[in-house]
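Have a look at the structure below before the remarks.
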Amino acid sequence: MSIPVPLERLRAALEERGGNAYVLTVSDDGRPHLVHVCVRWDGDVLAADVGKHSAANAVARPAVSLLYPIRADGDYSLIVDGSAVVTSREDGHRLLITPTKAVLHRPAPATDPASPCGADCIPILRR
């Protein structure tokens, strides 16, 4: 089941979790590259300062994901997919991520067997 949620819901979910997340990019050889970042809103996009490997990966393959892990047992992870644009700065690189999809997810049996989620997940944004 896909439940569209306005951007304001994603803002609230991110504010609830604070700014720390993991950004996932894909390297030239197809392996995932994961780094811990501080994420904040910059208008309607999410901004995260990253190193040269994450920046190069995002330039070549702009589809990225952010993972906000669980905070306690029974909690949901928040996974945000988006499209990144890389900007260069004097002190490094910044990803500007336009969110395209977000879900709250945890490994548990689906409460609705007809749901397309194979676990206990709740879609919160789809553009």
Side-chain angles (χ1 to χ4, degrees):
M1 175 196 288
S2 181
I3 304 169
V5 176
L7 189 56
E8 294 78 38
R9 174 65 182 112
L10 181 58
R11 284 184 185 273
L14 292 175
E15 285 175 17
E16 194 179 288
R17 293 182 177 268
N20 294 315
Y22 295 92
V23 64
L24 292 90
T25 60
V26 178
S27 65
D28 288 336
D29 63 1
R31 289 184 295 156
H33 179 73
L34 176 85
V35 295
H36 186 259
V37 295
C38 180
V39 181
R40 66 193 173 292
W41 285 101
D42 184 353
D44 287 337
V45 299
L46 296 165
D49 293 334
V50 297
K52 64 182 179 180
H53 293 294
S54 295
N57 290 345
V59 165
R61 289 160 298 285
V64 302
S65 295
L66 295 168
L67 169 64
Y68 293 81
I70 64 168
R71 299 162 291 185
D73 288 344
D75 191 17
Y76 288 87
S77 293
L78 173 61
I79 304 166
V80 180
D81 294 332
S83 180
V85 172
V86 179
T87 61
S88 294
R89 304 162 17 112
E90 252 182 52
D91 58 348
H93 306 280
R94 177 167 290 161
L95 297 184
L96 299 176
I97 304 164
T98 301
T100 56
K101 180 181 176 185
V103 296
L104 294 169
H105 179 80
R106 67 180 175 191
T111 55
D112 177 5
S115 171
C117 293
D120 186 13
C121 65
I122 303 169
I124 62 172
L125 174 71
R126 176 163 272 175
R127 286 187 180 192

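One is the number of the first residue; the rest follow in order along the sequence.
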Where do Leu34 and Val23 land on the side-chain contact (heavy atoms from CB on, under 4.5 Å) test, with the steps shown first?
CA-CA 6 Å; Leu34 176 85; Val23 64; over 6 Å; no

Is there a path of hydrophobic side-chain contacts, each under 4.5 Å between heavy atoms of I, L, V, M, F, W or Y residues, that connects Val64 with Val35?
yes

Is Leu96 reachable from Trp41 through a run of hydrophobic residues whose side-chain heavy atoms are each under 4.5 Å from the next?
no

Verify the cluster assignment for Val50 and Val86: are they in a single hydrophobic cluster under the rule of side-chain heavy atoms below 4.5 Å apart?
yes

With clusters defined by side-chain heavy atoms of hydrophobic residues (ILVMFWY) lying less than 4.5 Å apart, directly or transitively, does Leu14 cluster with Leu104?
yes

Looking at Arg89, I'd like to know if its CZ atom is crowded, meaning that more than 12 non-hydrogen atoms belonging to other residues, nucleotides or ligands lie closer than 6.0 Å.
yes

Hey, quick one: are Val85 and Leu46 part of the same hydrophobic cluster, counting side-chain heavy atoms closer than 4.5 Å, chains of contacts allowed?
no

May I ask you to check whether Tyr76 and His105 place their ring centres under 6.0 Å from each other?
no

Quick one: pull up CG in Leu66 and OH in Tyr22 and give me the separation to the nearest 0.5 Å.
12.5 Å

If you round to the nearest 0.5 Å, how far is CZ of Arg31 from CG of Asn57?
10.0 Å

So CZ of Arg71 and CZ of Arg17: to nearest 0.5 Å the spacing works out to 4.0 Å

Measure the CG-CG distance between Leu78 and Leu10 for me, rounded to the nearest 0.5 Å.
6.5 Å

Please check if the number of heavy atoms outside Asp73 that lie under 6.0 Å from its CG is greater than 12.
no

After noting the C-alpha distance and the side-chain angles of His36 and Asn20, does the key distance pass the side-chain contact (heavy atoms from CB on, under 4.5 Å) rule?
CA-CA 7 Å; His36 186 259; Asn20 294 315; 3.5 Å; yes

Compare every heavy atom of Gly82 with every heavy atom of Ile97, then report the nearest pair and how far apart it is.
CG2-CA, 3.9 Å

When rounded to the nearest 0.5 angstrom, what distance separates CG in Leu24 from CG in Leu67?
6.5 Å

For a quick check under 3.5 Å, do Asp81 and Ser65 share a side-chain donor-acceptor pair by atom type?
yes

Which pair of non-hydrogen atoms, one from Ser88 and one from His93, has the smallest distance, and what is that distance?
OG-ND1, 3.4 Å

Go through the steps to decide whether His53 and Ser27 satisfy the test side-chain contact (heavy atoms from CB on, under 4.5 Å), and finish with yes or no.
CA-CA 8 Å; His53 293 294; Ser27 65; over 6 Å; no

Can you give me the closest heavy-atom contact between Val80 and Ala102, atom names plus distance?
CG2-CB, 4.1 Å

Heavy-atom closest pair (Asp49 atom, Arg94 atom, distance to 0.1 Å) is OD1-NE, 2.7 Å

Please report the closest heavy-atom contact between Ser83 and Thr100, naming both atoms and the distance.
N-CG2, 4.5 Å

List the steps, then state whether side-chain contact (heavy atoms from CB on, under 4.5 Å) holds for Asp28 with His33.
CA-CA 10 Å; Asp28 288 336; His33 179 73; over 6 Å; no

